[in-house]
> 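My questions will all concern the structure given below.
Counting begins at 1 with the first residue of the sequence. All values below come from the heavy atoms of this structure, side chains included, with hydrogens, waters and symmetry mates left out. Everything quoted here is computed from the prediction, not taken from an experiment.
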Amino acid sequence: MKKLEKDNVLNQVRDKSFYLYGAGYTAKICIKALREAGVKIDALIDDDTLKQDMSILSYNVMSYEKFAEITANKECVNVILTSIYGKAIYDRLSLLGNVVVWEMYEWYTDILDQQEFVIEKHCEGEKLDCYKKNTDELKKYLADMESQNVYDAIYQYFITEDVQKLVDVCTIDESYFIKEVVDYFQDRRFTLVDAGAYTGELLRAIMSSGLSVGKWYCFEVEKNNYEHLKSNLEGNELPEGLEFVCENYGLWSEQKELQVINQGTGSKVVERADVSSSEICRMLTIDEYFKNIKVDMIKMDIEGAEMEALLGGVQTIKRDTPLLAISIYHYVEDYYRIMQFILNNVGDKYKYYIRQHAMIYGETILYAIPCK
C-alpha cells in the first residue's frame with residue numbers, strides 16, 4: 001500500500017487517475033482536498049447498496065463487483081482508500097493483480113481535526129495515567145488478547161500519535177457484527193435497537209452478516225438525517241422478514257428536550273448551544289420506550305451521549321440482557337467508564353470484547369455478549 005503524501009502530491013499523481021473507495025461523509029471531505037491538490041478522480045466505489053448508482057459530488061458510485069469488471073483488462077488501476085474501514089477493503093483489492101492501493105490516513109487526521117466532532121483524541125498527564133490504570137484493571141474481564149491489545153494500542157497512540165499503532169490492531173470484522181456477534185445470533189431472529197442510525201448505514205452490515213433481524217428500531221436525532229433514513233429504508237429492498245421503525249428521537253438518561261447541532265454523520269445533542277445553529281429534539285429513555293418490548297441487541301454510536309443513554313436503559317439491560325455494541329471512543333473516560341458501568345450492573349452476564357474498526361483514531365467498539 002502506497003502513502004499519498006500531502007507535501008508531494010503533484011509528483012506522485014502525475015499522469016495518473018484514481019478511483020476512490022468509500023463514498024461516505026469523510027470521503028466527501030477528502031474529495032475536496034484531493035481536487036484542490038490536483039488529483040484526477042475517475043469514480044467512487046462503495047459496498048453500501050444505498051449509495052451505489054448514485055452521483056456524489058458529480059462522481060458515479062459503483063459496487064466493488066462493477067469496479068472489478070470494468071477495470072479487469074486495464075494494466076494498472078490506482079485506488080485511494082477514502083474509507084476509514086480500509087483493512088478489509090485493502091485485503092479485497094489485493095486479490096486484483098492490476099490494482100495499486102494508496103492510503104491517505106494522515107490526511108484524515110487533519111481533516112477530522114477541522115470538524116467539530118465529539119472525539120477527544122488527545123490524552124496526557126493525569127488523564128493518561130487514569131486511562132492506563134483503569135484499562136489495566138479491566139483487562140482481566142476481557143474475553144481475548146485482541147481486546148487487551150486494543151487497549152494497549154490506544155495508550156501507545158496517545159503517547160506517540162502514531163496511527164500505525166491503531167492500524168496494527170484494526171480488525172477486518174464488520175462494525176457491530178464481529179464474528180462473536182454473528183455466532184451468538186446464528187439461526188435466531190432478533191430485535192435490534194439502533195441508536196444513531198444516521199441515514200441507514202447499518203442496513204449493509206445487516207445484509208452482509210447473514211443474520212435475521214426481525215424488528216429494527218432506528219433512532220436519529222437530526223431531522224435531515226432522519227428524513228434521509230426513512231426515505232432510504234422505504235425505498236430499498238429489505239431482507240425478508242425485516243421490519244423497521246424510524247424515530248426522530250434521541251436516547252438519554254431522562255425524557256427532555258435538547259438542542260441538536262447539525263454536523264451530518266457527527267450530529268450531536270447538547271444541553272447548551274447557540275439556538276441559531278441548532279434544532280430541538282425530544283429525548284427518550286430506552287426503559288420507557290421499550291418497557292413492553294423485549295430487546296435482543298443495542299447498538300450505540302451517538303457522539304458522546306452513550307453514557308447518558310445507558311443510564312436511561314439500565315432496567316431494560318437488567319431485564320433482557322441484550323447484546324451491547326457501544327462506541328467508546330468519543331471521550332477518553334468512555335474507554336473504561338462504560339465497561340465499568342455494565343460490570344457494576346450486570347457484569348457476570350456478559351463476555352467482553354473490544355475491537356478497533358478504523359485505521360485512524362476512533363470507531364472503537366465495546367461488545368458485551370451475553371453468556372450462553
Side-chain angles (χ1 to χ4, degrees), residues 17-37 39-72 74 77-86 88-90 92-93 96 99 101-104 107-108 111-112 115 117 174-177 194 196-209 213 216 218-239 242 244 246 248 262-267 301 357-358 363:
S17 62
F18 295 81
Y19 289 86
L20 308 187
Y21 208 122
Y25 182 80
T26 306
K28 293 176 184 177
I29 304 172
C30 290
I31 288 171
K32 182 176 183 294
L34 291 169
R35 279 173 168 174
E36 291 175 352
V39 177
K40 182 185 176 186
I41 301 169
D42 289 326
L44 310 183
I45 313 161
D46 203 283
D47 297 326
D48 189 343
T49 57
L50 299 179
K51 296 187 178 75
Q52 290 165 9
D53 299 323
M54 292 177 59
S55 178
I56 294 179
L57 298 180
S58 78
Y59 299 107
N60 292 329
V61 182
M62 66 183 72
S63 67
Y64 167 80
E65 290 75 17
K66 182 67 175 178
F67 162 76
E69 177 186 336
I70 67 174
T71 61
K74 294 186 178 181
V77 183
N78 292 287
V79 177
I80 298 174
L81 299 182
T82 52
S83 167
I84 60 175
Y85 308 105
I89 294 170
Y90 174 71
R92 183 189 300 170
L93 290 172
L96 304 176
V99 171
V101 182
W102 299 70
E103 58 95 350
M104 53 182 295
W107 290 39
Y108 286 165
I111 290 167
L112 293 177
Q115 310 303 306
F117 294 145
E174 185 77 62
S175 292
Y176 309 112
F177 294 101
D194 185 355
Y198 187 40
T199 57
E201 275 66 16
L202 201 62
L203 177 60
R204 182 191 61 78
I206 291 171
M207 295 176 71
S208 65
S209 73
V213 177
W216 178 18
C218 302
F219 292 85
E220 176 54 44
V221 296
E222 198 271 314
K223 186 68 174 178
N224 188 55
N225 290 344
Y226 167 73
E227 294 296 343
H228 279 91
L229 169 69
K230 271 185 59 178
S231 175
N232 285 338
L233 297 188
E234 289 170 354
N236 251 272
E237 184 175 346
L238 303 178
L242 188 153
F244 66 88
C246 294
N248 186 205
N262 185 343
Q263 294 182 157
T265 186
S267 295
D301 188 354
H357 286 280
E363 304 304 321

> Please check: side-chain N/O of S17 versus main-chain N/O of I41, any donor-acceptor pairing under 3.5 Å?
no

> Please, which pairs that meet salt bridge (Lys or Arg N to Asp or Glu O under 4.0 Å) have at least one residue in residues 227-238, sequence neighbours excluded?
K223-E227

> Quick one: OG1 on T82 to OH on Y19, what's the gap to the nearest 0.5 Å?
14.0 Å

> Would you mind reporting whether E174 and S208 have side-chain heavy atoms less than 4.5 Å apart?
yes

> Got a sec: does the CG of N236 have more than 12 other heavy atoms crowding it under 6.0 Å?
yes

> CG/L203 to CD/E201 distance, rounded to the nearest 0.5 angstrom?
9.5 Å

> Given 3.5 Å as the limit, does a donor-acceptor pair link the side chain of D46 with the main chain of A23, or not?
yes

> Rounded to the nearest 0.5 Å, how far apart are CG of L81 and OH of Y21?
9.5 Å

> What heavy-atom pair brings G22 and S83 nearest, and what distance separates the two atoms?
CA-CB, 4.2 Å

> Rounded to the nearest 0.5 Å, what's the gap from CZ on R204 to NZ on K51? Could you check?
8.0 Å

> At what distance, to the nearest 0.5 angstrom, does CD1 of I89 lie from CD1 of I45?
9.0 Å

> Tell me, do C218 and L233 make a side-chain contact under 4.5 Å, heavy atoms counted?
yes

> Test of understanding: with side chain to side chain donor-acceptor pair (under 3.5 Å), list the residues that count as partners of E363, not counting sequence neighbours.
Y85, Y329

> Could you work out, with ring pair (Phe, Tyr, Trp, His ring centres under 6.0 Å) as the rule, every residue matching F18, not counting sequence neighbours?
W102

> Side-chain donor-acceptor contacts of residues 61-71 below 3.5 Å, not counting sequence neighbours, with atom names and distances?
unit_1, atom_1, unit_2, atom_2, d
S63, OG, K66, N, 3.1
Y64, OH, R92, O, 3.4
T71, OG1, F67, O, 2.7

> How close do V221 and N248 get, heavy atom to heavy atom, and via which atoms?
O-ND2, 3.1 Å

> Sequence neighbours excluded, which residues qualify as side chain to side chain donor-acceptor pair (under 3.5 Å) partners of S55?
none

> Using every non-hydrogen atom in the two residues, find where I31 and L20 come nearest and quote the distance to one decimal.
CG1-CD1, 3.6 Å

> Please enumerate all residues that pass side chain to side chain donor-acceptor pair (under 3.5 Å) together with E103, with sequence neighbours excluded.
none

> Is any side-chain heavy atom of L57 closer than 4.5 Å to one of R35?
yes

> Tell me whether E222 contacts the main-chain N or O of N225 through its side chain, where contact means a donor paired with an acceptor under 3.5 Å.
yes

> Rounded to the nearest 0.5 Å, what separates atom CH2 in W216 from atom CD1 in I206?
4.5 Å

> With side chains defined as the heavy atoms from C-beta onward, is the minimum distance between F177 and L202 less than 4.5 Å?
yes

